[in-house]
Engineer: 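Handing you a structure now.
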Amino acid sequence: MKKLEHTWRWFGNSDPVNLADIKQTGATGVVTALHHIPNGEIWKIEEIDNRKEDIENVGLNWSVVESIPVHEDIKKQKGNWKKYIENYKQSIINLGKCNIPVVTYNFMPVLDWTRTDLCYKMPDGSLALRFEKTALIAFDIYILNRDNAKKQYSKREIAEAKLFYNKMTDIEKEILTKSIIAGLPGAEEKYTLNDFREALQEYEDIDERKLRDNLMYFIKEISPVAEKAGVKLALHPDDPPFSLFGLPRVVSTKKDYKLLFEEINIDANGMCFCSGSLAAREDNDLVEMVSAFSDKIHFIHLRNLKREQGGGFYETNHLDGSIDMYKLLKLLLHEQQKRQLSIPMRPDHGHQMMDDLAKKTNPGYSAIGRLRGLAEMRGLETGILENMKRRKI
Ligand code: DNO
């Protein structure tokens with residue numbers, strides 16, 4: 001019975017969880033990026049090789065790149081976008097030469113993943129990440145003062161947001177602002193309020209249709225290159241999978257991925273199946289999505305969440321929450337049995353807990369919470385595989 005490849009995200013030398021720690025988690029693969037290279041520039045072979053050597057020196061493999069960021073100009077097709085696409089291709093070619101098999105990326109305009117609370121206290125005292133719609137609306141209308149923001153929300157949502165805002169202290173307003181726009185780990189863009197307003201304005205003439213066209217254009221350009229280079233592309237879903245601040249988002253649903261795979265039928269063009277991102281929408285049926293796109297899954301993020309009334313959610317431990325992790329993992333393991341190579345999987349986020357509560361950690365990426373997630377997933381996987389073996393499925 002074939003297992004998934006167990007991997008761990010590492011943010012490079014500044015990450016408080018170092019490579020020697022990762023070795024002890026039971027992971028065999030590392031997921032990382034050359035975070036010091038500015039968006040749009042080429043990842044040179046020498047730089048890739050140096051990073052690879054650091055990882056291999058502790059007996060681990062560099063299994064997945066997460067991410068080569070897609071320059072905003074490519075998403076908007078403005079400015080130097082053509083040059084940035086050429087650079088992106090070259091980075092993929094260089095990664096292929098260094099035998100790095102998977103590249104993850106996303107196509108979210110302006111903001112990568114977004115949360116409103118990075119220290120949401122759970123009943124057991126650990127801290128979770130939360131996306132509270134009311135907090136986002138309060139920020140949008142009363143802190144960012146975005147033109148026309150009110151038009152996007154219902155009267156009830158606006159009233160709740162106002163109440164929420166009126167109760168906030170200045171420090172709370174600052175923390176909320178930072179949580180949303182100051183850049184979460186791995187998001188290579190960060191903004192001040194003014195930069196953020198300007199970045200949003202740049203998208204005024206870009207609707208869903210235009211953004212989707214730009215996405216298709218980009219993938220049509222890069223996927224034949226990736227195919228030739230022996231690199232799989234794993235497009236990460238929008239997190240959360242719906243529009244924020246009036247921006248279009250086009251990688252949120254089964255329909256979005258279906259369009260993408262129908263239009264660009266190349267093996268290298270695949271997805272990063274991120275359970276937590278997709279499950280923030282109740283109408284995303286994860287089991288149905290795995291079944292529909294099973295051979296397109298080049299990378300797996302496992303994480304759970306609890307959806308809350310009003311469209312928000314908070315992140316739960318891997319075996320709790322709205323996702324039936326047993327059912328999901330079983331399906332993924334069935335797909336794994338059909339493959340030659342193990343599909344890389346990583347525990348995506350974990351609570352800040354135990355010793356980590358007193359340490360400076362990257363939100364969502366502390367050591368112990370993720371270790372708990374990985375251990376739970378490895379245990380569940382062992383049980384499912386053993387059962388499959390006994391029942392000869
Ligand atoms: C958040 C991550 C995302 C992801 C990118 C992929 O924890 O899953 O930042 O890395 O969206 O490009």
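For ligands, and for the atoms within them, numbers begin at 1 and follow the listed sequence. These numbers come from the heavy atoms of this one structure, side chains and all, not from hydrogens, waters or symmetry mates. Index from 1, following the sequence. Since the structure is predicted, the reported quantities are computational estimates derived from the model, not experimental observations.
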Engineer: With a cut-off of 4.0 Å, which atoms of ligand 1 are near a heavy atom of Y105?
Structural biologist: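 Reading through ligand 1 atom by atom, the close ones are 12 (O).
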Engineer: With heavy-atom distances below 4.0 Å as the criterion, list the atoms of ligand 1 near N106.
Structural biologist: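 Those atoms are 5 (C), 6 (C), 11 (O), 12 (O).
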Engineer: Is a side-chain N or O of S91 found less than 3.5 angstrom from the main chain of W43, in a donor-acceptor match?
Structural biologist: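 Indeed, once roles are kept as given, a pair shorter than 3.5 Å links the two residues.
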Engineer: Go through ligand 1 atom by atom and flag the ones less than 4.0 Å from a non-hydrogen atom of H349.
Structural biologist: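 Those qualifying, in numeric order: 1 (C), 7 (O).
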Engineer: With a cut-off of 4.0 Å, which atoms of ligand 1 are near a heavy atom of S67?
Structural biologist: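 Result: 5 (C), 6 (C), 10 (O), 12 (O).
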Engineer: Taking the hydrophobic residues Ile, Leu, Val, Met, Phe, Trp and Tyr, and joining any pair whose side-chain heavy atoms are under 4.5 Å apart, which ones share a cluster with I175?
Structural biologist: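 Traced through the cluster, I175 reaches I171.
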Engineer: Which residue and atom name correspond to the protein heavy atom nearest atom 4 (C) of ligand 1, and how close is it?
Structural biologist: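 For atom 4 (C) of ligand 1, the nearest protein heavy atom comes out as E66 OE2, 3.3 Å.
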Engineer: Strictly distance-based, threshold 3.5 Å: is any side-chain N or O of S179 a donor or acceptor partner for the main-chain N or O of R115?
Structural biologist: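 Such a contact is absent between S179 side chain and R115 backbone.
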Engineer: Using 30° and 60° as the class boundaries, would you call the ring planes of F139 and F196 parallel, tilted or perpendicular?
Structural biologist: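 Ring orientation, 0 to 90° scale: tilted.
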Engineer: Run the numbers for me: atoms of ligand 1, each under 4.0 Å from some heavy atom of M108, listed by number.
Structural biologist: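 With M108 as reference, the close atoms of ligand 1 come out as 11 (O).
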Engineer: Determine whether a donor-acceptor pair (N or O, by modelled atom type, separation under 3.5 Å) exists between the side chain of N284 and the backbone of L286.
Structural biologist: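 Answer holds: no.
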Engineer: Checking N317 side chain against L319 main chain: does a donor-acceptor pair fall under 3.5 Å?
Structural biologist: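 Between the backbone of L319 and the side chain of N317 there is no qualifying donor-acceptor contact (under 3.5 Å).
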Engineer: Numbering the atoms of ligand 1 from 1, which are under 4.0 Å from a heavy atom of R346?
Structural biologist: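 Listed by number with element, the hits are 8 (O).
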Engineer: Is the side chain of R370 donor-acceptor paired with the backbone N or O of P347 at a distance under 3.5 Å, no angle test?
Structural biologist: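 Pair absent, no side-chain N/O of R370 close to backbone of P347.
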Engineer: Hey, is ligand 1 close enough to H236 that some N/O pair sits below 3.5 Å?
Structural biologist: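 Min N/O separation from ligand 1 is below 3.5 Å for H236.
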Engineer: Find all atoms of ligand 1 within a distance of less than 4.0 Å from any non-hydrogen atom belonging to R9, and give their numbers and elements.
Structural biologist: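 Counting from 1, the qualifying ligand atoms are 2 (C), 10 (O).
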Engineer: Are E86 and K82 ion-paired here, with the side-chain N under 4.0 Å from a carboxylate O?
Structural biologist: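 Salt bridge absent between E86 and K82.
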Engineer: Test of understanding: given a 4.0 Å heavy-atom threshold, classify the contact between R115 and ligand 1 as side chain, backbone, both, or neither.
Structural biologist: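 Neither part.
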Engineer: Within ligand 1, which atoms have a heavy atom of D112 less than 4.0 Å away?
Structural biologist: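 Near D112, the atoms of ligand 1 are 3 (C), 5 (C), 9 (O), 11 (O).
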